[in-house]
Q: 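Please read through the structure below; I'll follow up with questions.
Keep in mind the model is a prediction, meaning the values are calculated, not measured. In each ligand, atom 1 is the first atom listed, and ligand 1 is the first ligand listed.
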Amino acid sequence: MTAHEPGPPSADRISADREAALVAAVGAVRARIAAACEAAAREAQDVTLVAVAKTYPAADVVTLARLGVLDVGENKDQEARAKVAEVAELMPRDQLREPLRWHMVGQLQSNKARSVVGWASAVHSVDRPKLVRALADAAQGRRDAALDVFLQVSLDGEPGRGGVRAAELLPLADAVAERGELRLRGVMAVAPLGGDPDAAFAALAEISARLRERYPDADAISAGMSGDLEAAIRHGSTHVRVGTALLGRRVPAVG
Ligand SMILES: *Cc1c(COP(=O)(O)O)cnc(C)c1O
């Protein structure tokens, strides 16, 4: 067990060891972000750290929140919904200066839209018109604030892993812009497996620039994970989604 990869917790209640590991990991990740920003002549405050907490318990989210990590990512509605409720119980709102912001980063079926708009501040994985309609309809009259939407772009054109092809991005952006329940924030991508992340994120930066020609406010770029956040920041990422480097290697799900 190293400071960078604290490993899975053994119990729900946080141990002193686990807390120390998370403190070290948050420090290490923040240092990586700061160094990458410095190298790119960017401000570290312009990069939001989204801690991807999938498979990890609510107690870890509470510890991260107390360390100032207030953006939390999840990739499954069911797991997220339960964790959001648990965190609220463990850590009443008034213990934080700002409430947590929960980000849906995983592939999303339209029939989960109603549930997701109940807990998420942002959805990073919007990649088709049907999902835009489902999210907007679900959000209608049920939220105080608009739901932030990132359009997930497929950088390798492979449909299996989610994401719209670059050629279909602008029509999808138009669909989001038409709905007042949604706020178009920008683009999101996962670098293709085994490819050069620099090339992937450079391509994403160009796609983002094209989107901003039509929608100047849609200036966010959700890119970079534990293994490639430096490359993403070099190419303008505003939201890095970090799981492993903060919380440890995930135990592979069974079934
Ligand atoms: C799990 C996940 C991450 C975090 O990945 P790590 O390599 O563990 O940092 C980021 N983005 C998405 C979409 C994910 O599903």
Side-chain angles (χ1 to χ4, degrees), residues 1-9 21-22 24-33 36 47-57 60-61 64 67 69 71-81 83 101-109 112 116 119-128 131 135 148-156 158-164 185-198 200-201 204 220-233 235-254:
M1 191 187 284
T2 72
H4 294 259
E5 293 194 2
L22 290 176
V26 168
V29 169
R30 290 235 184 261
R32 283 177 63 189
I33 292 170
V47 176
T48 298
L49 171 59
V50 180
V52 180
K54 62 191 182 194
T55 78
Y56 285 96
D60 282 348
V61 174
L64 290 174
L67 295 170
V69 181
D71 290 271
V72 185
E74 292 287 345
N75 72 336
K76 292 202 172 77
D77 169 62
Q78 203 176 359
E79 177 184 347
R81 205 165 8 132
K83 211 177 293 182
R101 292 170 293 270
W102 294 84
H103 300 247
M104 175 59 174
V105 302
Q107 283 186 48
L108 178 56
Q109 291 172 309
K112 298 278 168 59
V116 167
W119 58 264
S121 303
V123 178
H124 291 232
S125 44
V126 174
D127 63 358
R128 55 199 192 280
L131 184 55
L135 288 169
D148 281 352
V149 164
F150 292 75
L151 302 179
Q152 183 175 353
V153 182
S154 169
L155 295 174
D156 54 13
E158 268 192 45
R161 297 170 65 216
V164 65
R185 284 294 282 119
V187 293
M188 177 276 212
V190 178
L193 279 173
D196 171 14
D198 261 294
F201 295 136
L204 183 64
I221 300 178
S222 169
M225 318 199 300
S226 293
D228 56 17
L229 68 87
E230 284 84 0
I233 288 173
H235 295 287
S237 171
T238 60
H239 292 70
V240 292
R241 309 178 310 270
V242 180
T244 309
L246 284 174
L247 290 147
R249 231 187 281 281
R250 292 175 292 276
V251 178
V254 182

Q: So among V240, V52, V242, L246, which one has a side chain to side chain contact (heavy atoms under 4.5 Å, CB included) with S226?
A: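 Per the side chain to side chain contact (heavy atoms under 4.5 Å, CB included) rule, the option paired with S226 is V242, out of V240, V52, V242, L246.
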Q: I'd like to check whether G243 has a polar contact with ligand 1, where a contact means an N/O of the residue lying under 3.5 Å from an N/O of the ligand.
A: yes
Q: When you look at V72 and Y56, which way does the side chain to side chain contact (heavy atoms under 4.5 Å, CB included) test go after all the steps?
A: CA-CA 11 Å; V72 185; Y56 285 96; over 6 Å; no
Q: Looking at side-chain heavy atoms only, is the closest gap between D71 and H103 below 4.5 Å?
A: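 Sidechains of H103 and D71: in contact.
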Q: Atom 11 (N) of ligand 1: which protein heavy atom is closest, and how many Å away?
A: R241 NE, 2.9 Å
Q: Please state which protein non-hydrogen atom is closest to atom 10 (C) of ligand 1 and give its distance, to 0.1 Å?
A: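 Answer, as residue, atom name and distance: M225 SD, 3.1 Å.
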Q: Going by the atom numbers of ligand 1, which of them fall below 4.0 Å from some non-hydrogen atom of V242?
A: 9 (O)
Q: Do K54 and K76 make a side-chain contact, defined as non-hydrogen atoms from C-beta onward lying under 4.5 Å apart?
A: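 Of all side-chain heavy-atom pairs linking K76 with K54, none is under 4.5 Å.
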Q: For atom 8 (O) of ligand 1, what's the nearest protein heavy-atom neighbour? Residue, atom name and distance, please.
A: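 The answer is T244 OG1, 2.5 Å.
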Q: For atom 13 (C) of ligand 1, find the nearest protein heavy atom and state the residue, atom name and distance (0.1 Å precision).
A: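 Of the protein heavy atoms, V105 O, 3.4 Å lies nearest.
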Q: I want to check something: taking the side chain as every heavy atom from C-beta on, are H239 and R185 in contact at a cut-off of under 4.5 Å?
A: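 Contact flag for H239/R185 side chains = yes.
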Q: Which residue owns the protein heavy atom closest to atom 1 (C) of ligand 1, what's the atom, and how far is it?
A: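 Ranked first by proximity to atom 1 (C) of ligand 1 is K54 NZ, 1.4 Å.
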Q: Considering non-hydrogen atoms of the protein only, which is the closest contact for atom 9 (O) of ligand 1, and what is the distance?
A: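 Ranked first by proximity to atom 9 (O) of ligand 1 is S226 OG, 2.5 Å.
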Q: Please walk me through it: do R161 and D156 pass salt bridge (charged side-chain N to carboxylate O under 4.0 Å, His left out)?
A: CA-CA 10 Å; R161 297 170 65 216; D156 54 13; 3.6 Å; yes
Q: Parallel, tilted or perpendicular: which describes the rings of W119 and W102, with under 30° parallel and over 60° perpendicular?
A: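 W119 and W102: perpendicular rings.
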Q: Backbone or side chain, does any N or O of N75 fall under 3.5 Å from an N or O of ligand 1?
A: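 In fact, backbone or side chain, N75 has no N or O that close.
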Q: Is H124 touching ligand 1 with its side chain, its backbone, both, or neither, if touching means heavy atoms under 4.0 Å apart?
A: neither
